[in-house]
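Structure, as structure tokens:
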Amino acid sequence: MTQIRINKFISESGISSRRKAEELILQGRVSVNGKTISDLSFKVDAENDKVFLDGERISPKKHLYFLLNKPKGIVTTTNDEKNRKTVIDLINTKEKIFPVGRLDYDTTGALILTNDGDFSNLLTHPKHKVPREYEVKIDRQLLEEDKEKLLHGVYLKGMKGKFNHVIFQTKNNRRTIKITAVEGRNHFVKNMFNALGYTVLSLNRKSFAGIDADIPIGQYRALKKEEISGVIETYGK
Ligand code: URA
């Protein structure tokens with residue numbers, strides 16, 4: 001049995017925002033199992049209670065969660081003004097979904113798509129420091145002193161950014177690098193390297209929030225139940 005606040009239930013039905021839902025309740029337009037309710041903190045059993053607005057039954061949308069291994073040459077948006085192919089075009093669903101955060105046009109790798117706004121907020125809010133793991137190829141060997149700068153902080157537009165881990169592919173290959181960051185600013189990884197005079201030649205996000213891009217490039221899968229509950233347990237408190 002999933003108990004949720006009545007205003008959340010209404011907003012998840014796609015009818016209104018949570019605040020607007022409270023107004024609908026106060027206007028006496030919402031009933032649960034035949035009784036008009038006025039208590040804004042009223043909770044409903046999302047699976048079994050019958051909720052009506054103006055006499056019409058409403059029910060929350062089913063939440064969908066996908067993991068896409070994004071290919072190059074695709075924009076991370078729901079609608080591109082230049083009519084280019086978007087990540088939404090790669091997922092076969094009639095439901096309205098959106099990407100959680102963004103990857104650049106030429107970046108590949110782990111991207112979550114969902115229709116659950118709360119879930120997306122958990123993953124994108126900076127205070128949650130959600131880990132992102134990338135494989136980066138740069139144009140020349142990364143100097144040791146620059147590795148230290150990346151780990152201790154580089155200023156981007158007056159705001160310090162840093163990587164949490166910088167690991168070389170092999171001892172002699174300091175151009176292919178695994179990094180972990182907990183920041184989601186646009187072009188963050190490229191800008192960090194650019195700030196030190198390096199160019200990023202390719203960027204692949206290996207995992208997001210600990211969820212690995214474990215499917216071939218261009219393919220997607222549903223998130224597993226334990227991946228969804230893991231995100232909610234880790235960041236939802
Ligand atoms: N950082 C970037 O520079 N680009 C991405 O796509 C993701 C992180």
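Just so you know, ligand 1 is whichever comes first in the structure, and atom 1 is the first atom listed for that ligand.
Of the charged side-chain nitrogens involved, at least one lies within less than 4.0 Å of a carboxylate oxygen, so that Asp118 and Arg18 count as a salt-bridged pair. With respect to the salt-bridge test (charged N to carboxylate O, under 4.0 angstrom), the residues Lys85 and Asp89 do not qualify. One finds a salt bridge joining Arg185 and Glu183 here, because a Lys/Arg side-chain nitrogen approaches an Asp/Glu carboxylate oxygen to under 4.0 Å. Arg174 and Asp146 are not joined by a salt bridge, as no carboxylate oxygen comes within less than 4.0 angstrom of a charged side-chain nitrogen.
The number of heavy atoms from other shown groups lying within 6.0 Å of NZ (Lys178) does not exceed 12. Counted within 6.0 Å of NZ on Lys147, heavy atoms from surrounding residues, nucleotides or ligands total more than 12; the atom is thus considered enclosed.
Considering backbone and side-chain atoms alike, Asn191 places every N or O at 3.5 Å or more from each N or O of ligand 1. For ligand 1, the polar-atom distance check against Leu103 finds no nitrogen or oxygen pair separated by under 3.5 Å.
The contact set between ligand 1 and Phe188, taken as ligand atoms under 4.0 Å from a residue heavy atom, comprises 1 (N), 2 (C), 3 (O). Those atoms of ligand 1 that come under 4.0 Å of a heavy atom in Thr107, given as number and element, are 4 (N), 5 (C), 6 (O).
Given atom 7 (C) of ligand 1, the protein heavy atom at minimum distance is Tyr134 OH, 3.6 Å. The protein atom (non-hydrogen) at minimum distance from atom 4 (N) of ligand 1 is Asp104 OD2, 2.7 Å. Of all protein heavy atoms, the one closest to atom 1 (N) of ligand 1 is Val189 N, 3.1 Å.
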